Amino acid sequence: MSENTALKELLLSRIRDVADYPKPGVMFKDITPLLADPKAFTALTDTLAEFCVENGATKVVGLEARGFILAAPAAVRAGIGFIPVRKAGKLPGATLRQAYDLEYGSAEIEVHAEDLVAGDRVMVIDDVLATGGTAEASLQLIRRAGAEVAGVIMLMELGFLGGRARLESALDGAPLESLLIV
């Protein structure tokens with residue numbers, strides 16, 4: 001069994017399906033059992049950090065909220081800075097804000113204005129790529145700050161929702177990696 005296959009099997013074995021959450025008809029992918037397992041969480045963290053290093057990232061952006069849990073230890077392991085991208089109104093001081101469309105309505109994310117600068121190569125880390133709206137907005141935010149996108153890495157991708165296709169033009173050649181596609 002290849003190392004990549006073994007990692008995927010380990011990660012999948014620690015993700016729990018929760019039917020009808022948060023509403024009927026939705027199959028929620030609960031990553032808390034993965035986070036509680038030190039072997040699985042370490043393997044995930046190492047993989048995320050390796051992707052950052054391989055792509056020359058100088059900072060890691062974690063998307064609120066579960067992206068924080070994955071991105072912060074990956075940044076530490078890679079020896080680079082961690083930057084939280086929050087929902088609008090959660091950060092004090094001067095921020096850059098980016099609006100994006102949701103299936104029903106819109107939302108905004110923000111980052112401290114001084115946290116990303118020209119010359120930074122930024123890796124975006126999150127738990128799930130669904131429709132791609134939040135990830136796309138984070139790429140716009142990174143570039144507006146004058147930084148470069150080093151890539152995007154997700155724990156899992158919900159392939160049936162089309163997030164990858166939405167991100168293609170926004171990536172502008174930067175890599176997109178999903179460790180699991182469900």
Side-chain angles (χ1 to χ4, degrees), residues 1-19 21-22 26-87 109 111 115-116 120-139 141-142 147-164 166-167 170-171 174-182:
M1 178 182 322
S2 77
E3 187 177 322
N4 193 26
T5 302
L7 174 67
K8 287 181 180 187
E9 287 182 7
L10 174 62
L11 297 177
L12 277 172
S13 74
R14 301 304 189 274
I15 296 172
R16 180 174 58 132
D17 287 343
V18 180
Y21 182 82
V26 173
M27 182 64 72
F28 183 78
K29 301 292 187 181
D30 181 14
I31 68 168
T32 57
L34 186 157
L35 301 174
D37 180 326
K39 180 180 176 187
F41 194 22
T42 298
L44 173 60
T45 300
D46 288 347
T47 301
L48 296 172
E50 286 170 19
F51 193 73
C52 292
V53 171
E54 288 169 4
N55 288 284
T58 60
K59 291 188 178 162
V60 172
V61 155
L63 304 181
E64 189 167 343
R66 290 183 300 248
F68 295 174
I69 299 167
L70 304 182
V76 169
R77 185 68 49 95
I80 58 181
F82 166 73
I83 309 298
V85 169
R86 305 280 325 256
K87 295 174 183 166
I109 56 173
V111 66
D115 287 348
L116 297 172
D120 284 337
R121 286 187 45 81
V122 183
M123 183 65 62
V124 175
I125 297 179
D126 203 6
D127 65 327
V128 175
L129 174 60
T131 63
T134 307
E136 181 182 41
S138 73
L139 300 179
L141 198 57
I142 290 164
E148 181 183 344
V149 174
V152 176
I153 185 165
M154 301 283 179
L155 168 57
M156 75 184 107
E157 177 178 341
L158 306 179
F160 60 93
L161 291 177
R164 181 174 291 270
R166 179 176 182 168
L167 283 182
L171 286 164
L176 167 60
E177 178 73 25
S178 296
L179 301 179
L180 305 170
I181 299 176
V182 295

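In this text, all values refer to a predicted model and were calculated from it rather than measured experimentally.
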**Prompt:** Would E136 and L167 satisfy side-chain contact (heavy atoms from CB on, under 4.5 Å), going step by step from the backbone distance to the final call?
**Reply:** CA-CA 6 Å; E136 181 182 41; L167 283 182; 3.7 Å; yes
**Message:** Apply side-chain contact (heavy atoms from CB on, under 4.5 Å) to residues L141 and L116 and explain how you reach the verdict.
**Reply:** CA-CA 9 Å; L141 198 57; L116 297 172; 6.0 Å; no
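Closest approach of P175 to A150, counting heavy atoms only: CD-O, 3.2 Å. The two residues A78 and V53 make their nearest non-hydrogen contact at CB-CG2, 3.9 Å. Counting all heavy atoms, side chain and backbone alike, R166 lies closest to G132 at CD-C, 4.0 Å. Annotation for S138 and L63: closest pair CB-CD2, 3.6 Å, computed over non-hydrogen atoms. Taking every heavy atom of both residues into account, A40 and R14 meet most closely at CB-CG, 3.8 Å. The two residues G62 and F68 come nearest to each other via the heavy atoms O-CE2, 3.3 Å.
The main-chain N or O of T32 is found under 3.5 Å from a side-chain atom of D30 such that the two form a donor-acceptor pair. Although no hydrogens or angles enter the test, the distance criterion places no donor-acceptor pair under 3.5 Å between the side chain of K39 and the main chain of L10. Side-chain atoms of R121 come within 3.5 Å of backbone atoms of G56 as a donor-acceptor pair (strictly under, hydrogens ignored).
Side-chain contact between V61 and V111 is absent, with no heavy-atom pair separated by less than 4.5 Å. Counting heavy atoms from C-beta on, the side chains of M123 and I153 come closer than 4.5 Å. The shortest side-chain heavy-atom distance between C52 and I125 falls under the 4.5 Å cut-off. Counting heavy atoms from C-beta outward, V122 and I83 have side chains that stay 4.5 Å or more apart. Contact check for L155 versus L180: side-chain heavy atoms found under the 4.5 Å cut-off. In this structure, the side chains of L70 and F41 come closer than 4.5 Å at one or more pairs of heavy atoms. A heavy-atom distance below 4.5 Å is not found between the side chains of L129 and L158.
Rounded to the nearest 0.5 angstrom, E148 CD and L139 CG are separated by 12.0 Å. Between the CD1 atom of I15 and the CG atom of L11 there is a distance of 6.0 Å, given to the nearest 0.5 Å. The CD1 atom of I69 sits 11.0 Å away from atom CG of L44, with the distance rounded to the nearest 0.5 Å. Interatomic distance, CE of M27 versus CG of D17, reported as 5.0 Å (0.5 Å rounding). With values rounded to the nearest 0.5 angstrom, M154 atom CE is found 10.5 Å from L179 atom CG. Atoms CD and OG1, on E3 and T47 in that order, are 7.5 Å from each other to the nearest 0.5 Å.
Counting heavy atoms of neighbouring residues, nucleotides and ligands inside a 6.0 Å radius, atom CZ of F28 exceeds 12 of them.
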